[in-house]
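Take a look at the structure set out below.
Source: prediction; values computed, not measured. Proteins get letters first, then strands, A, B, ... in listed order; numbering begins at 1 in each.
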Amino acid sequence: MLNGSPSAIEVEGIQKQFGRQPVLRGVDLEVAEGSVVALLGPSGCGKTTLLRTIAGLERADGGTITIGGRCVAGPGTDVPPEKRRVGMVFQDWALFPHLDVGGNVGYGLPRRERTPARIEAALDLVGLGGMARRPPGTLSGGQQQRVALARAIAPEPSALLLDEPFSNLDTALRVQVRTEIHHLLVGLGITSVFVTHDQEEAFVLGDEVAVMVDGAIVQQASPAELYAAPATPWVAGFVGDANLLPAQAERGSATTAVGDVPLLAGGPGPATVLLRPEELRLAAGGDATVELTEFYGHDTVYLVRTASGPLVRVRAGAAPVHRRGDQVTVSYAGGPAVSFAGAVSPVDGLAEAVVVGPPDLATR
Amino acid sequence: MLSLAGLGVAALALLPLGYLLLRSSEIGLGRALEIATSQRTGELLWRTGLLAVTVTGAAVAIAVPVAWLTVRTDLPLRRFWVVATALPLAIPTYVGGYAFIGAVGPRGILQGWLEPFGVESLPSFYGFWGAWMVLTLFTYPYVLLTVRAAVRRLDPSLEEASRTLGQSHWTTMRRVVIPQLRPSIIAGSLLVALYTLSDFGAVSMLRFDSFTRAIFVQYRASLDRSTAAVLGLVLVAVTLVVLGGESAARRTSGYHRLHGSGARRAPVTPLGRWRWPVFGGLSVLLAIALVLPMAVVLTWFFRGLDAGEPIRLTTTLIGNSLKASALGAAASVAAAWPVAVLSVRRGGRLGRLVEGACWTGHSLPGVVVALSLVFFGARVVPGIYQTQWLLTLAYVVLFLPQALGAIRGSLLQISPSLEEASRLLGGSPARTMLRIVLPLSRPGLMAGGALVFLTCMKELPATLLLAPTGYSTLATQVWSATSEAFFARAALPALALVLLSSLPMAVLVLREKD
């Protein structure tokens with residue numbers, strides 16, 4: 001039913017300040033036709049501002065934005081939002097409370113297309129057929145979410161923007177709605193950008209994930225690539241559990257607190273090696289000590305103090321085998337690992353990623 | 001477009017003040033200062049200030065306990081008291097003054113009853129204490145309404161926390177509840193103080209020589225416009241001092257609920273053996289502030305019927321009042337709309353400037369605005385002098401803030417993302433305004449309009465000074481009949497006025513329950 005052809009979005013060097021506070025510092029972002037890109041970052045990194053700038057709700061101070069080959073923002077150009085042909089799903093959904101569901105969905109349609117049949121078709125698409133006469137306030141959170149989506153895609157926009165689309169849903173509902181929306185987006189093949197601070201959400205929905213920190217995109221890649229080869233130690237920690245261990249690198253391998261580890265690249269010298277918890281193995285007996293055991297159902301995470309000092313997270317099979325205080329041996333079982341030149345001190349905002357546990361364990 | 005409209009409205013709102021300054025400057029700074037610092041002005045200042053302070057104090061003393069009792073306790077007939085205790089606001093102070101004079105004044109009901117027993121005269125009700133009592137009884141609802149809204153918003157878990165920390169009911173009240181109510185008490189007091197400073201009807205009827213009465217007499221009796229203008233400016237200065245004091249007091253008291261969604265329904269405090277004494281106390285209040293005045297007016301009404309007072313005349317008065325108020329309400333809402341949109345959506349310096357200008361009406365007593373518009377009309381635009389339009393203009397200047405407040409409030413409740421959503425769905429700014437913002441702010445437009453309508457209906461001094469010759473309204477009729485002691489003639493217009501204004505009032509109070 002969606003006839004509008006999807007368009008690529010190109011963002012180049014976008015800058016934006018609020019007062020004297022720079023929020024976007026020369027952002028580059030490319031979204032291929034029909035693909036879904038997740039903008040992932042901590043709160044306050046500027047991701048929502050970037051999305052709103054693409055929508056035309058904020059005016060960029062510099063840089064250009066092109067949607068489907070048409071420049072919508074750039075030197076001397078600032079196409080108003082209503083002329084950009086982008087749909088947006090707002091964080092609070094922004095359903096018009098004085099219009100019924102059908103009135104909301106039909107709002108963006110040209111007058112002659114604003115027919116009950118057309119509106120019903122858009123509602124059918126999100127599984128809400130027959131709901132057109134209902135006031136939006138009487139719908140559940142998940143249903144309101146889908147009305148917002150139906151309203152955004154009904155006018156056949158060339159791209160769809162979603163601002164933290166699931167943050168207003170409770171946890172139980174979130175996963176279900178996410179899968180439904182995922183299904184829809186894939187089916188529609190519409191170019192989409194969505195903002196999230198949830199790594200899992202970004203990985204599940206995004207064909208690509210753009211990690212944003214402090215007003216700039218530090219890495220844009222597929223979820224698998226991002227996880228396997230993060231560009232910086234910070235990204236490594238942000239997109240998943242990470243052990244960042246100080247190491248002495250030789251050519252092709254490094255010596256760490258869990259023994260020798262093969263490296264993907266990197267020259268000799270002090271380095272920091274990224275070891276994912278699931279790439280580590282535990283064996284009974286040894287000079288490392290289990291300090292905490294966290295059972296998650298599908299797996300168990302151990303916090304282990306190695307003999308040489310660093311604390312590591314180890315993810316292992318379903319049921320807990322080792323208990324607090326047990327002596328164990330930690331070994332590395334993954335492929336060639338990613339390393340970063342130089343030592344990374346925990347003060348660089350890494351403490352949360354390197355060590356997850358009570359602060360007294362972390363700082364010792 | 002919007003900015004232009006906003007600036008136009010702001011200029012309009014500043015017009016009276018500007019013209020007053022111009023007018024005063026005509027007699028020279030020296031002479032103006034001489035009038036402003038004369039002994040007579042000093043006396044007026046003292047008397048008016050004393051009245052404002054005592055009325056405000058008494059209003060707070062009545063309103064705060066009543067607010068608490070009608071929201072948080074198991075008071076018998078609680079819902080009834082919620083509405084009833086606010087209703088005296090529907091009685092204009094000059095009607096209240098008329099009722100009390102008609103009851104206990106010379107040639108009043110009480111004296112009529114006592115005359116057979118040889119009582120020739122009663123202690124005089126005129127003067128300070130009369131004015132104090134009437135103003136207190138009919139303005140305390142201002143404090144009541146603001147404080148009651150705050151009591152409803154109190155987070156009960158704060159009180160519970162205080163109790164678990166070992167504080168008694170009373171210390172909790174003193175250390176947790178009252179401090180949280182302080183901003184609303186201050187806000188309500190401000191309304192009462194400003195009202196008292198600007199009240200004309202009650203003080204004139206009760207012959208208490210306050211600023212407004214002095215200005216009116218000065219203008220009417222001697223046509224000495226410059227002296228009146230200078231006195232008007234002094235009064236404006238006093239209200240500015242009050243406003244300044246309020247904003248200073250407000251700045252030092254920022255209270256927020258730290259976790260917004262946490263508030264639960266407040267538990268009901270059982271009054272125990274105090275239940276019926278409290279009920280009795282409220283009944284006395286209601287008897288004095290509502291039942292007695294109404295009974296007096298009704299008594300005079302029936303005496304008037306017996307004496308053959310014409311009713312036909314009153315229907316004309318009602319028509320005039322409705323017309324003047326409707327025009328005032330419509331014009332005020334129309335003027336407030338661009339200002340509200342400008343300040344809420346655009347913000348920035350222009351928005352603040354325009355909004356600030358519009359709020360000056362809040363600090364201008366009706367007498368002052370009327371006076372300056374009389375000068376302005378007669379001198380600058382004789383075309384609208386002595387027409388309905390000049391009166392409408394005065395209403396806009398005076399009551400614009402009321403409409404502005406209501407519209408602003410409803411605009412603030414519209415999430416900006418609704419407008420953004422409309423834009424992204426292809427709606428132009430104009431279409432967004434028409435199809436989203438206007439329908440969603442309708443409650444505010446209606447409430448603002450109703451409020452201004454109500455206030456225009458009760459307004460006295462500007463209507464007296466600016467209505468075209470021979471154009472009387474209910475308000476001016478009550479005033480002129482009472483001032484000549486024709487109590488029976490004033491009864492029907494007074495009744496009509498109270499009825500017409502208490503209906504929307506009851507609606508506003510009932511809506512208060514969220």
Side-chain angles (χ1 to χ4, degrees), chain A residues 4 19 48 51-58 67 72 78-100 103-111 113-114 122 136 144 147-165 168, chain B residues 1-3 258-262 333 337 340-352 406-449 511 513-514:
Chain A
T48 293
L51 198 75
R52 290 170 59 82
T53 310
I54 296 172
L57 299 172
E58 303 281 354
I67 301 175
V72 294
D78 185 39
V79 177
E82 64 267 25
K83 301 266 163 60
R84 291 198 180 187
R85 291 185 38 80
V86 294
M88 182 153 169
V89 176
F90 288 80
Q91 186 169 10
D92 59 359
W93 307 323
L95 297 181
F96 304 131
H98 61 303
L99 303 179
D100 59 17
N104 268 281
V105 173
Y107 187 89
L109 296 174
R111 197 176 296 268
E113 288 178 40
R114 218 177 288 158
Q144 293 190 30
V147 174
L149 184 67
R151 183 180 71 178
I153 59 181
E156 299 174 357
S158 49
L160 183 65
L161 309 174
L162 303 97
D163 185 9
E164 304 254 8
N168 261 346
Chain B
M1 205 18 226
L2 198 62
S3 313
L258 290 176
H259 296 288
S261 58
V333 168
W337 171 256
V341 173
L342 204 62
S343 89
V344 171
R345 281 300 180 258
R346 306 278 176 81
R349 199 171 295 163
L350 182 70
R352 276 200 302 278
I407 296 173
R408 202 176 186 284
S410 69
L411 280 179
L412 279 173
Q413 281 180 1
I414 304 174
S415 158
S417 60
L418 291 177
E419 286 164 59
E420 294 171 354
S422 166
R423 296 290 300 277
L424 282 167
L425 291 165
S428 64
R431 179 165 182 244
T432 303
M433 194 57 90
L434 217 62
R435 291 234 13 227
I436 305 298
V437 182
L438 211 55
L440 284 176
S441 56
R442 207 178 52 195
L445 293 173
M446 302 291 279
R511 263 180 34 146
K513 283 191 296 268
D514 30 27

Member of A:F90, A:W93, A:F96 meeting the side-chain contact (heavy atoms from CB on, under 4.5 Å) criterion with B:L418
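The residue from A:F90, A:W93, A:F96 that satisfies side-chain contact (heavy atoms from CB on, under 4.5 Å) with B:L418 turns out to be A:F96.
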
So B:R423 and A:P80, do their side chains get closer than 4.5 Å, heavy atoms only?
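Answer yes - side chains close enough.
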
Can you tell me how far the OH atom of A:Y107 sits from the OG1 atom of B:T432, to the nearest 0.5 Å?
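Here the interatomic distance stands at 4.5 Å.
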
Can you tell me how far NZ of A:K83 sits from OG of B:S428, rounded to the nearest 0.5 angstrom?
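Between B:S428 OG and A:K83 NZ, I get 7.5 Å after rounding to 0.5 Å.
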
Nearest heavy-atom pair of A:E82 and B:G427: which atoms, and what distance?
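Nearest heavy atoms, A:E82 then B:G427: CB-O, 3.4 Å.
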
Heavy-atom closest contact (A:P155 atom, B:L425 atom, distance):
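Shortest heavy-atom separation between A:P155 and B:L425 comes out as CG-CD2, 3.9 Å.
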
Given heavy-atom pairs under 4.5 angstrom as the criterion, report whether the side chain, backbone, both or neither of A:L109 touches chain B.
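Neither part; nothing is under 4.5 Å.
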
Between chain B and each of A:A148, A:G87, A:P97, count heavy-atom pairs under 4.5 Å; write down the option with the most.
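Sorted descending by pairs with chain B, the first entry is A:P97.
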
Who wins among A:P81, A:A152, A:G56 for the most heavy-atom pairs under 4.5 Å with chain B?
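Between A:P81, A:A152, A:G56, the count favours A:P81.
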
Begin from the C-alpha positions of B:I436 and A:H98 and carry the test side chain to side chain contact (heavy atoms under 4.5 Å, CB included) through to its verdict.
CA-CA 8 Å; B:I436 305 298; A:H98 61 303; 3.9 Å; yes

At a 4.5 Å cut-off on heavy atoms, which part of B:R435 comes close to chain A: side chain, backbone, both, or neither?
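Both parts, heavy atoms under 4.5 Å.
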
Between B:P429 and chain A, with a heavy-atom cut-off of 4.5 Å, which part of the residue counts as in contact: side chain, backbone, both or neither?
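For B:P429, heavy atoms of backbone and side chain both lie under 4.5 Å from chain A.
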
Looking at A:R52 and B:E420, is any side-chain nitrogen of the basic one under 4.0 Å from a carboxylate oxygen of the acidic one?
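Result for this pair is yes, salt bridge flagged.
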
